[in-house]
Amino acid sequence: MGDASATIRIFDIRSCQNGAYKPQHDLSDIIVRGLKAPFNAKTLPTLLLYNERGLRLYDKITTDAPEYYLFGAEEEILRGHASEIVRIMQSRSLASSESTPAQVLLELGAGAIRKTSYLLHALAALVSETPAIPSATYFALDLEEREIQRTLIQLRNSDAGSAIGGKVQAKGLLGTYENGIAFVLQGGLQETVDDGVHTDTGSVPHERYALQSTRRGSVPGPSVFTGQVTQDADMTKLGQPQLHLLFIGSSIGNFSRGEDVQFLRSLPLRAGYGDTLLLGLDHDNSREEIEIAYNDPHGHTRNFIMNGLKAAGMALGDSELFDLGNWGYTNSYDEGSRTHDAFYKCLHSHRITIPGANEKIYFSKDELLKIEMSLKYSERDAYTLFTDANLRPIQRWMDSTSRFSVWLLERPPFAFPLLSSPTVPTKEIIGERFGVPSMRDWQDIWNAWDFVTLRMIPSSMLFEKPIDLRHICLFYLGHTPAFLDIHLSRLLQEPHTQPEEFKFIFERGIDPNVDDPTQCHAHSEVPRNPEDWPSLSSILAFGGRVRERLTKLYMDISNGNIQLTRKFARVLFMTYEHEGLHIETLLYMLIQRAGNGTIPPPDFITPPWESLLASWNASPKPTYSTVVIEATTVTLGIDDIEADDAIKALDVEGHIFGWDNESPSRQVSVDAFRISWRPITNGEFFEFYTGTRKDKVEFPASWVTHEDGEIRVRSLYGPVSMTIAWDWPILTSYDNMSVYASVKGGRLPTEPELRLFMDKFACGYEGGANIGFRNWHPVPATTGVENRGGQGHNGGVWEWTSTVLEKLAGFVPSQLYPGYSADFFDGHHQVVLGGSYTTIPRIAERRSVRNWYQHNYPYPWVGARIVYDV
């Protein structure tokens, strides 16, 4: 065994810092500072639990205390899904024809590696033949050198070790979480993956540790982060190995809310390189389950916790400083904050004297001394955490009792923050939830716009019309900047950005009558021949100048050179949402060519369809297919009259802006009705269409017949099988939906009815709704599950209503954009509510938004649910 241990490589990385780390005092200072706090506010660092004896006691909890479900639940997931997980992790490499750098798995707080061994075994199984150089490296990051060495030797001598031999090399990293992050950012992986680097495993001084916010299940790590880490340039080099971070055991729960976000934001994951994060999260289970999990009847957890007092005394120089007879163990779970706390409870009033300091600490009877915190995560908590941390879920696995989840996440090339995100200004007029968009909002939408237009449309498609009822693709690259520039010029009374003639080509698109395309509202006259269009480079240069112009306007407002009035605010709101609406328009055009032209979204990990299907099939379904909404009154719309902008010129703060058809607000009485929990699915409509009703409906434009005769469902990744998309909401015309609902004995909901349902049961973006590019495809709806009070999402679609778009009492057309709504009061357009998987959150979340499409227009991403009269 001695020879074996000599070959274990452990790299001392404790000197690595990245600038986002706030150095701590040594352990004794932290202990004393925590003990000097007021009554019931005293604390000890969780680190104390994880000395050598504490680690053995913790292992006993995982083996002998079944009440501690977290370990077993996560082990069940990893044991059952390891092959699936690593295959998705490796999907970018497996799909690439190019040689890729070695893969790296880096576990933050590795502990005993028992659960991780399943992943390593599965990773090795992907390598059919033993290569000359191992194709992957596993790094176990932890604070205890002897523990790292012991567990790596144990791994090598296990069955998993035999399986990974020659295929996956295992090494250790000695340091904190923060050291590990800095190590990666500074290019350490490129050096240590090579076999020629020597180890350095000297003694470990306490002052170099991150001493706070430790986790149960391994020795601790997270430091105090002051903000988002800026990644070094080396991180983007192609030579950087593909990185897969493992942060399991619900370790993230030992950070406070907000600190968990900052920590995850700091992780060195690159967008577009296939880097992933495997994260374990404990659910917001019942108080009884959680409290007994951390205080089992056999006392294993109590022994583990009480050992921390011994460790505290040893750190201060007197192992007997804390008389265990003066202390008990108690714990509690607060369901409101979803936080579990572990405390020492003082049994007798007493005092201690800090060795060498002659400093006395008094404890009162029944006083609580906090030693450990563990956050639990609801669905809303999890999606809020991921979105605020700029992470996108790829897949999720739950244990058989649905008490624990393992998530696989990636850093997306672009994303939209939560409207209530702490990363979005909340005390400024600019950046309010539904007020004036901030420059951050503009940058987010430009990132999305550039991604779609410059990376998903091949040059061969620029002059093509994926939909005959719309312009060529190139038009939309010029339309949004021209629309913005026209309105900035009118607002500022300045000349147009050059070339000025772009305003004549790109000002307004088309939405002709489906039955008679010659009937169309006023629109720009565009060139008829490809050679007559402006070049792509000239359009992009024009767009760049317009963006610079807008940026300057924001700077002038910020500097006080221009006063932000309601009119200025409205133009900024209108032009921003205009860009958001047109991203979706362009994408529902492009999906018609997906698989034979449109480029699938690059730099996002391709959906693991079979794995997702298994999860969708296993997800809970409503007990009943419908729910009754009792008779009530609903408020529709807002009071945002554009004509008032001059009267209330400075009334900007807190004002909600909307399009002209959203005002005025109105009260509508609604009779009781019964409505389906979930929209009509592809599977339901497929059975309808392929049955005896085929002659009653049109073939949906969201479907395509493959050359083998199989009907498939369109996606931006190319058509997928009907099996995969069976439970996705069907996207088809109002006419098709209306016929289906009628045959089923119902009808489509009115606008007030659907609004009532959404108000009551829609979970929103924070709750996981499939909007804002959370996915690039629909997913099965989640509403109607009893343990969530019926709340969920509709799968990522707009929804048809039977309400015709028409002029309402009190309607005043926009002065800035007079034809926005009024041009479509023709009796052919139906109101749709909600938002699709590519609708920006600002639009999808504003309950007054009323979009519309022609009743027989087959292309937009609109679904429907059935209403039955009561």
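If you read the sequence from its start, that first residue is 1, and numbering goes on from there.
There is no side-chain donor-acceptor pair under 3.5 Å between Tyr853 and Trp800. For the 3.5 Å distance criterion, the side chains of Arg755 and Thr750 fail to qualify, holding no donor opposite an acceptor. There is a side-chain donor-acceptor pair under 3.5 Å between Tyr377 and Asp260. Side-chain atoms of Thr635 and Gln667 include a donor-acceptor pair closer than 3.5 Å. If you check the side chains of Ser814 and Asp660, you find no donor sitting under 3.5 Å from an acceptor.
With values rounded to the nearest 0.5 angstrom, Met555 atom CE is found 11.5 Å from Ile562 atom CD1. To the nearest 0.5 Å, atoms CD (Glu845) and CG (Leu419) are separated by 5.5 Å. Interatomic distance, Gln830 CD to Ser802 OG, rounded to the nearest 0.5 Å: 7.5 Å. The NZ atom of Lys760 sits 9.5 Å away from the OG1 atom of Thr632 when rounded to the nearest 0.5 Å. From Glu577, atom CD reaches atom CD1 of Ile445 across 8.5 Å, with rounding to the nearest 0.5 Å. The OH atom of Tyr476 sits 10.0 Å away from atom CG of Leu590, with the distance rounded to the nearest 0.5 Å.
Here the side chain of Arg411 pairs a donor or acceptor atom with the backbone of Asn390 at under 3.5 angstrom. Thr339 places a side-chain N or O within donor-acceptor distance of the main-chain N or O of Ser337, the cut-off being under 3.5 Å. A donor-acceptor pair under 3.5 Å links the side-chain atoms of Arg265 to the main chain of Asp388, judged by distance alone. The main-chain N or O of Thr497 is found under 3.5 Å from a side-chain atom of Asp485 such that the two form a donor-acceptor pair. With Thr801 contributing its side chain and Val831 its backbone, the two residues share a donor-acceptor pair below 3.5 Å. For the pair Ser374 (side chain) and His340 (backbone), a donor-acceptor distance under 3.5 Å is absent. A donor-acceptor pair is defined here as one N or O able to donate and one able to accept, closer than 3.5 Å; such a pair exists between the side chain of Asp826 and the backbone of His828. The main-chain N or O of Arg380 is found under 3.5 Å from a side-chain atom of Thr384 such that the two form a donor-acceptor pair. The backbone N or O of Glu507 sits less than 3.5 Å from a side-chain atom of His479, completing a donor-acceptor pair.
Ion pair Lys376/Asp381 not flagged as a salt bridge, since none of the NZ, NE, NH1 or NH2 atoms sits closer than 4.0 Å to an Asp/Glu carboxylate oxygen. Salt bridge annotation for Asp444-Arg842: absent, with no cationic side-chain nitrogen under 4.0 angstrom from a carboxylate oxygen. Taking 4.0 Å as the cut-off between side-chain N and carboxylate O, Glu579 and Arg547 do not count as a salt-bridged pair. A salt bridge links Glu494 with Arg549: the closest approach of a Lys/Arg side-chain nitrogen to an acidic carboxylate oxygen falls below 4.0 angstrom. At a threshold of 4.0 Å, the pair Arg570-Asp640 counts as salt-bridged, since one of the basic side-chain nitrogens sits closer than that to a carboxylate oxygen. At a threshold of 4.0 Å, the pair Glu335-Arg338 does not count as salt-bridged, since none of the basic side-chain nitrogens sits closer than that to a carboxylate oxygen. Glu642 and Lys567 are not joined by a salt bridge, as no carboxylate oxygen comes within less than 4.0 angstrom of a charged side-chain nitrogen. At a threshold of 4.0 Å, the pair Glu753-Arg865 does not count as salt-bridged, since none of the basic side-chain nitrogens sits closer than that to a carboxylate oxygen.
Ring geometry, Phe263 versus Phe255: the interplanar angle falls under 30°, so the pair is classed parallel (tilted spans 30 to 60°). Between Phe761 and Phe757, the two ring planes are tilted [angle within 30° to 60°]. Relative orientation of the His578 and Phe483 rings is parallel, given thresholds of 30° and 60° on the angle between their planes.
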(request) Decide yes or no on side chain to side chain contact (heavy atoms under 4.5 Å, CB included) for Tyr588 and Arg470, but give the supporting numbers first. (result) CA-CA 11 Å; Tyr588 78 63; Arg470 293 292 182 266; 3.5 Å; yes
(request) Using the ring pair (Phe, Tyr, Trp, His ring centres under 6.0 Å) rule, take Tyr820 and Trp852 through it: C-alpha gap first, then chi angles, then the decisive distance, then the call. (result) CA-CA 11 Å; Tyr820 174 76; Trp852 64 89; 5.1 Å; yes
(message) Under the criterion salt bridge (charged side-chain N to carboxylate O under 4.0 Å, His left out), I'd like the reasoning laid out for Arg270 against Glu410: C-alpha separation, chi angles, the key distance, then a yes or no.
(response) CA-CA 8 Å; Arg270 300 161 300 172; Glu410 68 176 335; over 6 Å; no
(request) Begin from the C-alpha positions of Val862 and Leu731 and carry the test side chain to side chain contact (heavy atoms under 4.5 Å, CB included) through to its verdict. (result) CA-CA 5 Å; Val862 190; Leu731 308 175; 5.9 Å; no
(request) Take Thr839 and Glu584 through the test side-chain hydrogen bond (donor to acceptor under 3.5 Å, both in side chains) and record every step on the way to the result. (result) CA-CA 6 Å; Thr839 305; Glu584 183 168 346; 2.6 Å; yes
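For the pair Arg545 and Phe502, the cation-pi test (distance below 6.0 Å, angle within 45°) is failed.
For the pairing with Phe414, the ring-ring contact (aromatic ring centres under 6.0 Å, His included) check across Trp449, Trp446, Phe773 returns one residue only, Phe773. Of the listed residues (Val812, Ile641, Asp644), just one forms a side chain to side chain contact (heavy atoms under 4.5 Å, CB included) with Ser663, and that residue is Ile641. Considering Trp861, Phe416, Trp776 as possible partners of Tyr837, the one that fulfils the ring-ring contact (aromatic ring centres under 6.0 Å, His included) test is Trp861.
Residues His496 and Ile486 have side chains in contact (heavy-atom distance under 4.5 Å, counting atoms from C-beta outward). With contacts defined as side-chain heavy-atom distances shorter than 4.5 Å, the pair Ser848/Trp659 does not qualify. Side-chain atoms of Leu833 and Glu799, non-hydrogen and from C-beta on, never get closer than 4.5 Å to each other. In this structure, the side chains of Leu716 and Pro601 come closer than 4.5 Å at one or more pairs of heavy atoms. Side-chain contact between Val668 and Thr633: absent, with no pair of heavy atoms (C-beta onward) separated by less than 4.5 Å. Counting only heavy atoms from C-beta outward, the side chains of Arg508 and Asp823 approach each other to under 4.5 Å. With contacts defined as side-chain heavy-atom distances shorter than 4.5 Å, the pair Asn794/Pro729 does not qualify. Annotation: side chain of Tyr576 is in contact with side chain of Ile840 (closest heavy-atom distance under 4.5 Å).
Ring centroids of Phe811 and Phe825 are separated by less than 6.0 Å, placing the two rings close together. A distance of 6.0 Å or more separates the ring centres of Phe568 and Phe573. In this structure, the ring of His829 has its center less than 6.0 angstrom from the ring center of Phe824. Taking the six-membered ring wherever Trp is involved, the centroid distance between the rings of Phe386 and Trp407 falls below 6.0 Å.
For the residue pair Ser378 and Asp284, the shortest heavy atom distance occurs at CB-OD2, 3.4 Å. Between Val652 and Ala649, the shortest heavy-atom contact is CG2-O, 4.0 Å. Between Ala569 and Val436, the shortest heavy-atom contact is CB-CG2, 3.4 Å.
Counting heavy atoms of neighbouring residues, nucleotides and ligands inside a 6.0 Å radius, atom CG of Asp671 does not exceed 12 of them.
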